[in-house]
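Inspection log for the structure reproduced underneath, given as structure tokens.
All of these numbers come straight from a predicted model, not from anything done at the bench. Here is the naming used below: chain letters follow the sequence lines, and residue numbers restart at 1 for every chain.
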Amino acid sequence: MITLISSDKRKFHVLEEVANQSLTIRDVIEDRRGRRRADRIILVTNINSKIPEKVIVYWLRHFLMPEEIAHASMSHKKAEKLKKWEAKFFDTDIDTLNDLILAADSLDIPSLFDGACEKVSDILKNRSAEEVGEISKIENEFTHEEEEEEIPSENAWVWRNEFA
Amino acid sequence: MANWSDLSCDAIEHIMGFLSLPDRHRFSAVCQNWRRVAKYNNCSPVEQLPWLMMREDASIKKRKFYRLTEKRHYHIDIPELQNMRWIGSSFGWLFIVDRKFIPHLFNPFTRECFELPVFPRFEEEMQHEGLVKAILSHDPSKTHDFTVLLLYYINITRMAFWRPGENTWSCIPCNDYVSDAIFFRGNFYLACTEHLFVLSDVEANLRRDRLKSVATDK
């Protein structure tokens with residue numbers, strides 16, 4: 001059993017075989033093999049407890065249907081079912097998706113990383129830079145020159161609505 | 001709660017990989033970090049439906065493109081396309097011919113351009129109108145192992161191939177009228193008057209008799 005501790009000090013116990021889907025955790029376990037039980041505790045410092053919960057739900061779903069099997073011999077019906085499940089799983093607010101990307105990035109879970117990134121791109125599609133800025137609450141920090149001259153002129157054709 | 005600006009460059013690049021070209025440019029105007037990633041991430045963007053490229057708009061000297069997904073026009077300034085004749089496109093690359101009749105492959109997204117060898121026997125007989133179609137087997141942005149197939153017309157339709165590293169075009173004689181060609185799953189297919197031909201291995205098929213008929217029209 002592996003214990004994950006989130007930044008708000010909540011503990012999550014997960015079967016090693018399940019947590020192995022994180023390549024980072026797998027490497028850590030491999031490194032610490034044969035050592036004390038206390039070493040099987042992994043701190044997930046940059047994310048709150050909501051995220052490990054989601055990550056574990058994702059792991060469990062995929063543990064029941066490992067990727068290799070999923071691609072090689074999964075029936076069409078099962079594949080559709082998994083697709084539907086994933087669509088529902090990623091149908092969440094953009095901040096949670098952002099946290100999922102961060103978690104998938106640091107824990108090295110490629111399929112989760114891929115799915116969350118794709119969902120974010122879906123949300124950002126066909127929006128202006130201002131809208132994306134509002135959604136993501138990012139300050140652009142551009143200099144006056146960049147904002148007024150460089151950016152509008154770089155790919156002028158894109159900005160027909162925004163600048164021209 | 002994590003901050004959006006905490007996303008790694010890998011993550012931003014990955015998100016960008018799912019975006020179309022206009023979205024990618026808009027995305028790059030969100031903040032410094034995203035702009036940096038967009039600038040150094042030059043691969044061809046994803047696009048489900050092809051864009052329709054139209055003639056140059058003479059009054060503003062810009063090419064007009066139509067994007068089906070948004071159902072709108074874009075006027076794009078691409079100086080490289082001025083005075084060029086356009087013969088075909090594959091994987092976002094354009095096959096263009098300049099006034100001196102020299103063919104080029106040009107990628108309007110990344111602005112990469114490279115010159116191809118002069119056409120076979122072009123000086124004596126070939127004319128701009130004789131160029132029918134050019135297609136690529138693979139995306140030159142992703143591999144150097146690709147083939148260009150050119151259909152041209154001098155009295156009858158002719159075919160020529162070129163691959164990176166070769167100094168000349170290789171011609172394939174064809175006694176039939178070839179009206180179209182496509183590349184699909186490793187093979188070139190040619191639509192002729194009476195047959196659909198498959199060219200499975202270009203080099204092995206340089207002789208006409210190796211052309212295999214895969215279907216016959218009634």
Under 4.5 Å from any heavy atom of chain B - which part of A/N126
both
To check you understand the geometry: which heavy-atom pair defines the closest contact between A/C117 and B/A11, and what is its length?
SG-O, 3.9 Å
List the atom of A/S121, the atom of B/L19, and the distance in Å for their closest heavy-atom pair.
O-CD2, 3.6 Å
Look at atom CG of B/D145 and say whether more than 12 heavy atoms of other residues, nucleotides or ligands are closer to it than 6.0 Å.
no
Side chain, backbone, both or neither of A/D122 within contact of chain B (heavy atoms, under 4.5 Å)
neither
Are more than 12 heavy atoms from other residues, nucleotides or ligands located less than 6.0 Å from atom CD of A/E17?
yes
Looking at B/F18 and A/K125, what are the two nearest heavy atoms and their distance?
O-CE, 3.8 Å
Check whether A/I94 gets within reach of chain B through its side chain, its backbone, both or neither, counting any heavy atom under 4.5 Å.
both
With respect to chain A, which residue among B/D10, B/N33, B/V30 yields the maximal number of heavy-atom pairs within a distance under 4.5 Å?
B/V30
Give me the one residue out of B/I12, B/I15, B/L7 that meets side chain to side chain contact (heavy atoms under 4.5 Å, CB included) with A/V120.
B/I15
Taking side chain as C-beta onward, heavy atoms only, is B/R26 less than 4.5 Å from A/E131?
no
Please round to the nearest 0.5 Å and tell me the distance separating atom OG1 of A/T143 and atom CD of B/Q32.
7.0 Å
